[in-house]
Trainee: 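Shown below is the structure under consideration.
Order of listing sets the numbers, starting from 1, for every ligand and every atom in it. These values consider heavy atoms only, across backbone and side chains, with no hydrogens, waters or symmetry-generated copies.
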Amino acid sequence: IISDIVSTENLESYVIGGFVRDIFLKRESKDIDVVVIGSGIELAQKVAAKAGNPKVSIFKNFGTAMLKFKDLEIEFVGARKESYNRNSRKPIVENGSLEDDQKRRDFTINALALSLHKDNFGELLDPFGGIDDLNNKIIKTPMDPMITFSDDPLRMMRAIRFATQLNFKISDVTFEAIKENKERIHIISKERIIEELNKIVMSKKPSIGFKLLDESGLLQIIFPEFHKLKGRETRNGISHKDNFYHTLEVLDQLVPHSDNLWLRWSALLHDIAKPNTKKFIKGIGWTFHAHNFVGEKMVPRIFKNMKLPLNEKMKFVQKMVLLHMRPIVLAQEEVTDSAVRRLLFDAGDDIDELMKLCEADITSKNEEKVKRFLD
Ligand code: ATP
């Protein structure tokens, strides 16, 4: 339908961005971005009329329109050129050509366009070598990365998020520019940062993203409590383990067991208080006494700072941190004699069941019930 309209009206129009990238990566994608040299809103209205009038949502301020068709969400926008001022990631927008529009994209792999006009239907327009970068698994910016990241620092989080989700490498020049611009992340809202961080947490191998966040210097800014887990200290020849890498290992191990975001956050936070409770006792060595209790108290502060929801999800994470989650993660691990732990272990990846069980306060009275349940 779109191709019919743009061909009859002789408009220049393209599918662009993530949808095109995902075709080449053979990933399923339901969000389609259509760019037109002209008005995106007008094109959306014409397409809707021809498609039997599905609902069009118009965002006048952004000059975009969104149309839902079957299970697809199609967004229409006029090709644009963007410029930025230093204190905001909100661009100043003018009409532009396809290439202007591709230049404003964050990464070469997100700047691919396929023509919708019948004269050259399906022709790929790739002025920045996005296909080569897809084949070589490289994340890099179409323009000078120092400018790209300074203009919109959220792109630094996006670079690390895509590198994690796709298991791609961020090019050296691009990664250096992230390091240089890390302080600019302060102009980005916490909500946008956590959105990207949660995509890293939900990926197949979250450790990739956390290591990149650490290497770039962003982790220290956006999640200092987690950064503090890094490192090993040695006294009298005795060292403790590096809780940063240990936590990432636990998180990666959890992935095949559960795709529940809050259980993954529990994994992330299960040792969070260790840097605060760490002590070296002569004759005994390193102890982290009561770190789970302190961790439970730290959860609300971390959730508040990171603008995560302060509701029953947070309470679940608190409880999991308190109870420690290793028995669930390591299915092979021997079950301890604690009835509560056994119960958690038995719930396995039935997370709904686990959530319900965790809602009940775990008191000794409760523990009796738990024991009966297990018998
Ligand atoms: P996903 O659906 O996994 O988030 P996506 O690439 O579709 O991936 P969107 O956030 O939907 O991500 O963005 C769609 C397209 O818009 C991107 O492919 C990219 O071309 C462009 N884009 C999105 N955010 C930015 C940004 N901050 N700076 C520049 N271009 C962006």
Trainee: I'd like the residue list for ligand 1, meaning every protein residue with a non-hydrogen atom under 4.0 Å from the ligand.
Mentor: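 Near ligand 1, by chain and number: Gly17, Gly18, Arg21, Asp33, Arg89, Arg104, Arg105, Asp106, Asn110, Asp152, Arg155, Arg158, Arg161, Phe162, Lys199.
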Trainee: From the options Phe244, Tyr245, Phe226, select the one residue that forms a ring-ring contact (aromatic ring centres under 6.0 Å, His included) with Phe210.
Mentor: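 Among Phe244, Tyr245, Phe226, the one that satisfies the ring-ring contact (aromatic ring centres under 6.0 Å, His included) with Phe210 is Phe226.
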Trainee: Run the salt-bridge test on Arg232 and Asp242 with the 4.0 Å N-O cut-off and return the result as yes or no.
Mentor: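 Salt bridge: no.
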Trainee: Checking side-chain polar atoms at under 3.5 Å, does His270 have a donor or acceptor matched by the opposite partner on His246?
Mentor: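 Per modelled atom types, His270 and His246 side chains form a pair under 3.5 Å.
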Trainee: About how many Å separate NZ of Lys204 and OG1 of Thr164, when rounded to the nearest 0.5 Å?
Mentor: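 With rounding to 0.5 Å, OG1 (Thr164) is 12.5 Å from NZ (Lys204).
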Trainee: Under 6.0 Å from the six-membered ring centre of Trp286 and within 45° of its axis: does the NZ or CZ of Lys279 meet both?
Mentor: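 Verdict for Trp286: no cation-pi partner in Lys279.
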Trainee: Do any pairs count as a side chain to side chain donor-acceptor pair (under 3.5 Å) and have a residue in residues 165-179, sequence neighbours left out, and if so which ones?
Mentor: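 Checked against side chain to side chain donor-acceptor pair (under 3.5 Å) - neighbours excluded - the pairs reaching residues 165-179 are Arg161-Gln165, Lys169-Asp172, Ser171-Thr174, Glu176-Lys179.
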